[in-house]
Amino acid sequence: MVRVSKLCVLYAVLFAVLLYYAATMFYSTGIDARVVSLNVNQLDPRDDVVTSGRVGLHHANMTSVRLNWTTHPVVPLQAVIEEHVSGEMSMSPQLAPTPARRSVYENSRQDETAQDWDAEQERRRTILREACVKYPQMNMSSSAVSRRAGRLWPLIYDDKYKVIYCTICKVASTTLKSAFLVLMGKYPTIQSVDLGEWYTLDRSLHTLSKLARSPAEIERRLRTYKKFVFVREPFSRELSGFRNKLYAKNKYYRKTVGTKIIRQFRANATKEALETGDGVTFTEFAKHLTRTKTLDSLDIHWRPMHSMVLPCSIEYDYIGHLETAQWDIENIFNRTGIGRVVKVPETPMNLSNSDDIFNSFYEELEPSLLRDMYNTFRMDSELFGYDIPSFIRDKLEMVRVTSKLCVLYAVLFAVLLYYSATMFYSTGDDTHRFSINVNQLDPRDDVVTSGRVGLHHANTTSVRLNRTTPPVVPLNAVIEEHSMSPQLTPTPARRSVYENSRLDETAQGWDAEQERRRTILREACAKYPQMNMSSSAVSRRAGRLWPLIYDDKYKVIYCTICKVASTTLKSAFLVLMGKYPTIQSVDLGEWYTLDRSLHTLSKLARSPAEIERRLRTYKKFVFVREPFSRELSGFRNKLYAKNKYYRKTVGTKIIRQFRANATKEALETGDGVTFTEFAKHLTRTKTLDSLDIHWRPMYSMVLPCSIEYDYIGHLETAQWDIENIFNRTGIGRVVKVPETPMNLSNSDDIFNSFYEELEPSLLRDMYNTFRMDSELFGYDIPLFIRDKLGDL
């Protein structure tokens with residue numbers, strides 16, 4: 001044993017030495033290796049010069065240009081006036097942050113022909129469309145958008161020119177709003193707009209939110225008017241907002257926002273700082289951006305752009321970039337007719353975010369906080385086609401490579417330690433060897449086979465289940481609808497309880513598993529802040545809360561998902577209501593009437609405070625299921641089986657849309673929908689809300705990032721979860737869930753045979769549509785699908 005200890009010390013030292021040299025070698029060949037030099041005497045005065053991934057204006061024969069508040073150089077309108085403070089012109093934005101992918105900035109001079117501008121616009125729209133396909137939860141129909149007028153406050157319209165502009169603070173918004181004031185006849189020119197009266201003028205603009213009582217008028221304008229928006233490289237915009245509102249002496253923002261940030265993120269803050277909000281650091285600001293629970297709680301000057309402009313629901317005709325503002329404004333004004341009335345001057349301005357300034361602020365951030373910033377604003381970059389600024393990318397890459405080296409040498413250390421220990425133990429006896437006798441297995445053991453769980457009893461090598469003699473098994477997946485029951489156990493969740501031959505059925509084991517599931521959900525939600533709403537916002541959207549069933553006596557809320565044991569769990573609530581003595585006695589023939597009698601939060605639409613109180617104080621639980629298995633179960637139960645209602649209503653629609661040369665009989669009856677046609681219906685329906693609730697993605701119904709569920713049940717461990725949830729909530733004192741005979745509808749062979757039918761491209765579309773369910777609820781992609789698609 002002493003020899004093993006010495007070897008451990010030896011290899012630990014070796015590991016530390018190797019890690020030190022690896023890190024030293026990496027840092028010595030890091031950013032400095034990419035330093036470049038430019039001869040400014042050869043530059044054209046109009047050229048845009050890329051330095052470290054960012055663009056700055058340089059004039060011939062000038063080695064540097066220093067800009068200050070008293071002497072503004074006259075330069076082309078490459079980034080126009082943005083905001084203003086107390087009637088004074090604010091710091092203007094950094095001229096040109098990181099260019100969009102394959103953008104016009106890659107050349108030293110942009111080609112300003114109309115044809116090239118059209119091509120650039122098509123490229124930007126294509127980037128946006130392709131990104132939106134990956135995030136179907138961000139897509140709403142035009143009628144849904146029109147009904148949510150409260151979200152439309154950034155959209156300013158002019159009826160004469162039939163144009164809509166979506167304003168974003170810190171992206172030339174003051175100049176473009178001023179142009180609309182000129183269109184309204186309030187001022188003759190942009191220069192004459194009185195910024196001292198801006199608050200009153202801003203409120204006088206015509207916004208779609210003011211048409212809340214006329215959704216049809218909103219929808220008409222969105223459908224027929226030309227629409228444009230201006231965006232900006234996200235990291236540059238955040239820094240501009242910080243420097244303009246907090247770093248500069250803006251008393252209002254320091255008092256309202258600065259004090260809040262200091263109170264939350266500064267330990268041992270002075271009384272003066274808490275009262276004035278002076279001296280907020282960029283690190284504190286970054287923590288405020290990344291740790292504020294909901295995006296709607298952030299000030300509009302630094303709220304992520306995508307959360308305000310509905311980029312996947314409103315089809316913008318023109319997408320302007322602040323980095324090419326003059327080019328874009330001229331073309332947009334010409335195309336919409338605004339240019340006949342409004343002339344945008346070449347305005348004196350400051351370059352507020354030079355490379356040195358930009359780098360100095362972001363250098364202050366710890367790598368973990370910088371990565372949180374990246375995650376928070378990644379969607380803006382992806383949707384609007386911006387690459388990550390080089391300085392930030394280099395810094396994150398440095399951390400990533402160093403982390404990989406740490407892992408590499410840690411593995412090396414572990415291997416050396418393992419072999420050392422093996423060498424030591426080999427000098428002893430074989431008392432540590434063991435074997436498992438299959439005859440000693442408990443009949444309740446769950447045995448993993450090919451990534452799926454099957455029940456095996458002692459002394460049996462296989463168990464075949466069929467529809468004529470269903471075996472009585474523990475309720476590992478309870479009755480769902482009224483016909484085929486769910487597949488017992490699809491692919492297990494990551495590092496799930498199925499990896500062992502027996503679940504840890506103790507209360508502590510269940511608590512640990514619940515914490516693991518909640519952690520997976522929280523970490524996934526952190527990557528998608530747009531899915532997070534405050535409790536008050538959730539309470540005001542009662543129409544979204546129809547799946548949430550509550551019981552006031554037991555102070556419990558259950559979020560129902562079709563094809564995930566919903567009939568059994570709803571029946572339990574009917575028992576709680578006193579309508580039936582037991583789950584077995586519930587009359588499924590009266591299900592439609594019974595289902596509508598359940599207490600749902602959506603029925604409290606007139607009392608948002610009551611909704612919020614229940615969400616805050618009641619115990620909340622939801623049951624989920626491996627997504628691919630759920631989709632197959634929905635198809636087999638509603639379309640593959642002879643369900644006349646679904647064949648007539650949904651089947652006919654699918655055949656009409658996706659089957660060429662369909663027979664008259666098929667179009668009338670909806671019989672014979674194939675799984676391929678069904679998959680196309682799932683992946684090509686424009687909005688998720690248009691899908692039937694039996695196969696609509698789970699996350700789109702249960703608000704998983706806005707409602708903090710106390711318990712997350714998996715259909716794959718239904719009996720274990722139901723017993724514990726019922727015990728913890730008190731439901732178990734009234735409701736007894738039987739061990740119910742059932743069919744295993746999605747065996748491996750059945751599952752594989754249906755998904756084998758799909759082309760790889762369609763299977764990938766399925767993966768993209770339901771990826772969020774897998775990620776949020778901790779499910780790996782089923783082995784068969786992963787093997788068919790290769791590396792996802």
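Residue indices begin at 1 and follow the sequence shown. The basis for the numbers below is simple: all heavy atoms, side chains too, and nothing from hydrogens, waters or symmetry mates.
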Using a 3.5 Å distance criterion without hydrogens, assess whether the side chain of [X] forms a donor-acceptor pair with backbone atoms of [Y].
| X | Y | result |
| --- | --- | --- |
| K227 | L222 | yes |
| E219 | S146 | no |
| S240 | R237 | no |
| S313 | M138 | yes |
| K245 | V257 | no |
| T324 | W327 | no |
| R303 | L298 | yes |
| K395 | L365 | yes |
| N334 | E330 | yes |
| S192 | T189 | yes |

Do you know which two heavy atoms are closest between [X] and [Y], and how far apart they sit?
| X | Y | value |
| --- | --- | --- |
| T376 | P529 | O-CG, 4.1 Å |
| V280 | G277 | CG2-O, 3.5 Å |
| A542 | I611 | CB-CD1, 3.9 Å |
| Y699 | P136 | OH-CG, 3.8 Å |
| F242 | F282 | CD2-CD1, 3.5 Å |
| C312 | L383 | SG-CD2, 4.0 Å |

One thing to verify: whether [Y] and [X] come together as a salt bridge, which I'm taking to mean a side-chain N less than 4.0 angstrom from a carboxylate O.
| X | Y | answer |
| --- | --- | --- |
| R129 | E122 | yes |
| R221 | D159 | yes |
| D194 | K186 | no |
| D278 | K251 | no |
| R378 | E382 | yes |
| E284 | R266 | yes |

TODO: Apply side chain to side chain contact (heavy atoms under 4.5 Å, CB included) to V163 and Y157, showing your working.
DONE: CA-CA 6 Å; V163 63; Y157 68 91; over 6 Å; no

Could you tell me if the side chain of [Y] sits less than 4.5 Å from the side chain of [X], heavy atoms only?
| X | Y | result |
| --- | --- | --- |
| Y316 | C166 | yes |
| I156 | I164 | no |
| Y165 | S173 | yes |
| Y374 | T290 | no |
| M308 | I300 | yes |
| S204 | T200 | no |

Exceeds 12 heavy-atom contacts within 6.0 angstrom, atom [atom1] of [X]:
| X | atom1 | answer |
| --- | --- | --- |
| E217 | CD | yes |
| E315 | CD | no |
| K293 | NZ | no |

- [ ] Tell me, with the steps shown, if V538 and L545 meet side chain to side chain contact (heavy atoms under 4.5 Å, CB included).
- [x] CA-CA 8 Å; V538 171; L545 306 181; 3.8 Å; yes

Gap between atom [atom2] of [Y] and atom [atom1] of [X] - 0.5 Å precision:
| X | Y | atom1 | atom2 | answer |
| --- | --- | --- | --- | --- |
| L322 | F230 | CG | CZ | 8.0 Å |
| F391 | F361 | CZ | CZ | 12.5 Å |
| K162 | Y225 | NZ | OH | 4.5 Å |
| D328 | I319 | CG | CD1 | 10.0 Å |
| I261 | L289 | CD1 | CG | 7.5 Å |
| Q191 | K343 | CD | NZ | 12.0 Å |

Pair [X] + [Y]: ring centers closer than 6.0 Å:
| X | Y | result |
| --- | --- | --- |
| F285 | F265 | no |
| Y318 | W117 | yes |
| Y253 | H301 | yes |
| Y362 | F235 | yes |
| F180 | H206 | no |

- [ ] For ring pair (Phe, Tyr, Trp, His ring centres under 6.0 Å), just list the numbers for F384 and H321, CA-CA rounded to whole Å, side-chain angles, deciding distance to a tenth of an Å, and then say yes or no.
- [x] CA-CA 9 Å; F384 301 121; H321 281 196; 7.8 Å; no

Open item on the list: Consider side-chain contact (heavy atoms from CB on, under 4.5 Å). Of T294, T292, L703, which one does N532 pass it with?
Closed with: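 Answer to the side-chain contact (heavy atoms from CB on, under 4.5 Å) test with N532 among T294, T292, L703: T294.
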
Task: Chi angles and distances behind the side chain to side chain contact (heavy atoms under 4.5 Å, CB included) call for R335, F228 - done: CA-CA 11 Å; R335 306 297 172 93; F228 71 92; over 6 Å; no

Open item on the list: Determine whether L205 and L181 satisfy the following criterion, side chain to side chain contact (heavy atoms under 4.5 Å, CB included), listing intermediate values before the conclusion.
Closed with: CA-CA 7 Å; L205 290 163; L181 290 171; 3.7 Å; yes

Is it the case that [X] and [Y] place a side-chain donor and acceptor less than 3.5 Å from each other?
| X | Y | value |
| --- | --- | --- |
| S307 | Q530 | no |
| T224 | R220 | no |
| T283 | T281 | no |

